[in-house]
Amino acid sequence: MTGAGQEIEILQRELKTDPENPQLLLKLANLFERLEKWKEANTYWERATHFSRTSAPEIYAQIKKWNQIKDLLKDLSDHNPVIRRSAADTLGCLKDTRCLYKLVPLLTDLECQWNISQAIKSIYSPLAGPYLKELIHHKEHRVRSEAIKVIGHLQLQEYVEELLLCLQDEHFTVIKEAAIVLGNFQIPEAVPPLISLLDQSNLSVRHAAIDSLGKLKDSRSIAPLLKLVHKNTPSQIFTLKALSQFGEVVAPQILLLLKHSESEIREQASQTISQIKTPDMMEMVCQLLNHSEGAVRLTAVQTLLLMNLPSAIFALQRQMKLEKEPSVIQALKNAMIHLLDKG
């Protein structure tokens, strides 16, 4: 028997000798609430309300709050969506877990779903978990995806297996939300299925998978992400940003992208490389000052400027004597002025 179960047994014995004691009734209501036995909890709250006339002021306060909650729970079933939304908002402000048994299943109310979701997030209790788990399997994709969002917000990592299965859902919004949450939860088991989503035709799903793989920083995803960077797709820049989270591990591959034909790719690669402020990395960037293409040399200068290492000044001065491209000359001047001032 659990600790709560033992407490219930003791209190129920005491209640036999004093069946109208509101303090005992309230304690039992709270214990059943902890065990998520809402029917029994509500029964004891009702009895506590009935026998509260001679109870202490704090008991009155609790009972008054419970009466308010009961009225709001009734309002959640009102035909008017404005009243339902207002009730959900108020329950969120009250932050009382006793309303979760009714509140969470009403994520199916699409007219008020946002308000109900916000209320559950405000209450922020793992007691919402079992109800959310059921909603992951709901027939309506908007209910499934919202339940996943709330699970993510509440950090309910005990539902990882269900979230992994959601990556195979028939609707893209459910897959996207599951991918986001698994990345935030830092679940290594999610890496293979997330990699498989990189070929998804839906851009929002693909980007969610890319972003989560960047957060997970698992070496298994480096090659697939690099492959995606070299494809001419709308995901190139997004993928490069995810790769930047791997740091020095991917530096040699990112360095090659400073020579890319697309200026946006070069700029993002430059920003990533500039975060790795090591002498070896600076030397590799300096070597690109001798590249045959002016655009690449310009990117190298901009990268050295972003790295903000005064030791790069000597390489910039050498290149200044050789450079013929006006735009690169101007960039060299700006970089040297900045680094000299810093030095």
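Counting from 1, the numbers follow the sequence of the chain as shown.
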List the steps and the verdict of side-chain contact (heavy atoms from CB on, under 4.5 Å) for Leu107 and Trp114. CA-CA 8 Å; Leu107 282 172; Trp114 185 88; over 6 Å; no
From CA spacing to verdict: side-chain contact (heavy atoms from CB on, under 4.5 Å), Cys286, Arg318: CA-CA 10 Å; Cys286 286; Arg318 282 197 303 271; 5.8 Å; no
Given the rule in the side chain to side chain donor-acceptor pair (under 3.5 Å) test, do Ser270 and Gln302 qualify, once you have shown the distances and angles that lead to the verdict? CA-CA 7 Å; Ser270 174; Gln302 291 167 340; 5.6 Å; no
Met336 vs Ile313, side-chain contact (heavy atoms from CB on, under 4.5 Å): CA-CA, chis, key distance, verdict: CA-CA 6 Å; Met336 285 191 292; Ile313 194 73; 3.5 Å; yes
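Note on Arg13 versus Glu9: salt bridge recorded, some NZ/NE/NH1/NH2 to OD/OE distance being below 4.0 Å. Remark: Asp89 does not engage Arg85 in a salt bridge, criterion side-chain N to carboxylate O under 4.0 Å. At a threshold of 4.0 Å, the pair Arg84-Asp75 does not count as salt-bridged, since none of the basic side-chain nitrogens sits closer than that to a carboxylate oxygen.
Using a 4.5 Å heavy-atom cutoff, the side chains of Glu248 and Met281 are not in contact. Between His171 and Arg142, every side-chain heavy-atom pair lies at or beyond the 4.5 Å cut-off. Proximity of Thr97 to Ile123: side-chain heavy atoms (C-beta onward) are separated by under 4.5 Å at one or more points.
Judged purely by distance below 3.5 Å, without hydrogens or angles, the side chains of Ser145 and Glu177 never pair a donor atom with an acceptor atom. Side-chain contact of Asn202 with Ser204: a donor-acceptor pair under 3.5 Å is present, judged by distance alone.
Gln319 places a side-chain N or O within donor-acceptor distance of the main-chain N or O of Leu289, the cut-off being under 3.5 Å. Between the Ser196 side chain and the Pro193 main chain, a donor and an acceptor come within less than 3.5 Å of each other. A donor-acceptor pair under 3.5 Å links the side-chain atoms of Arg266 to the main chain of His260, judged by distance alone. Judged purely by atom type and a 3.5 angstrom limit, Arg144 uses its side chain to pair as donor or acceptor with the backbone of His138. Within the 3.5 Å criterion, the main-chain N or O of Lys231 finds a donor-acceptor partner in the side chain of Gln236. Judged by distance alone, the side chain of Gln186 and the main-chain N or O of Lys215 form a donor-acceptor pair under 3.5 Å. At distances below 3.5 Å, not a single donor-acceptor pair connects side-chain atoms of Lys217 with backbone N or O atoms of Phe246. Not a single donor-acceptor pair under 3.5 Å links the side chain of Ser117 to the backbone N or O of Gln113.
The environment of Lys133 atom NZ is sparse: at most 12 non-hydrogen atoms of other residues, nucleotides or ligands sit within 6.0 angstrom. In this structure, Lys259 places its NZ atom where only 12 or fewer heavy-atom neighbours from other residues, nucleotides or ligands lie under 6.0 Å away.
Once rounded to the nearest 0.5 Å, the distance linking CG of Asp341 with NE2 of His338 reads 8.0 Å. The structure places CD of Glu323 at 9.0 Å from CG of Leu298, a figure rounded to the nearest 0.5 Å. Remark: Cys112 SG to Asp109 CG distance equals 4.0 Å, nearest 0.5 Å. Rounded to the nearest 0.5 angstrom, Glu146 CD and Ile148 CD1 are separated by 10.0 Å. Of the inter-residue distances, the one linking Ser122 atom OG with Asp96 atom CG reads 13.0 Å to the nearest 0.5 angstrom.
Looking at every heavy atom in both residues, Lys27 comes nearest to Leu11 through CB-CD1, 3.8 Å. For the residue pair Gln155 and Tyr124, the shortest heavy atom distance occurs at CG-OH, 3.8 Å. Leu198 approaches Ala209 most closely through the heavy-atom pair CD2-CB, 4.3 Å. Across all non-hydrogen atoms, the minimal contact from Leu163 to Phe185 is CD1-CE2, 3.9 Å. Here the closest non-hydrogen pair linking Leu24 and Glu14 is CD2-OE1, 3.3 Å. Closest non-hydrogen pair, Arg206 versus Ser235, comes out as NE-OG, 3.0 Å.
Tested against Ser274, the residues Leu305, Leu306, Val285 include a single side-chain contact (heavy atoms from CB on, under 4.5 Å) partner, Leu306.
Separation of the Phe172 and His141 ring centroids does not fall under the 6.0 Å cut-off. Between Tyr131 and Tyr101, the distance separating the two ring centers is not shorter than 6.0 angstrom.
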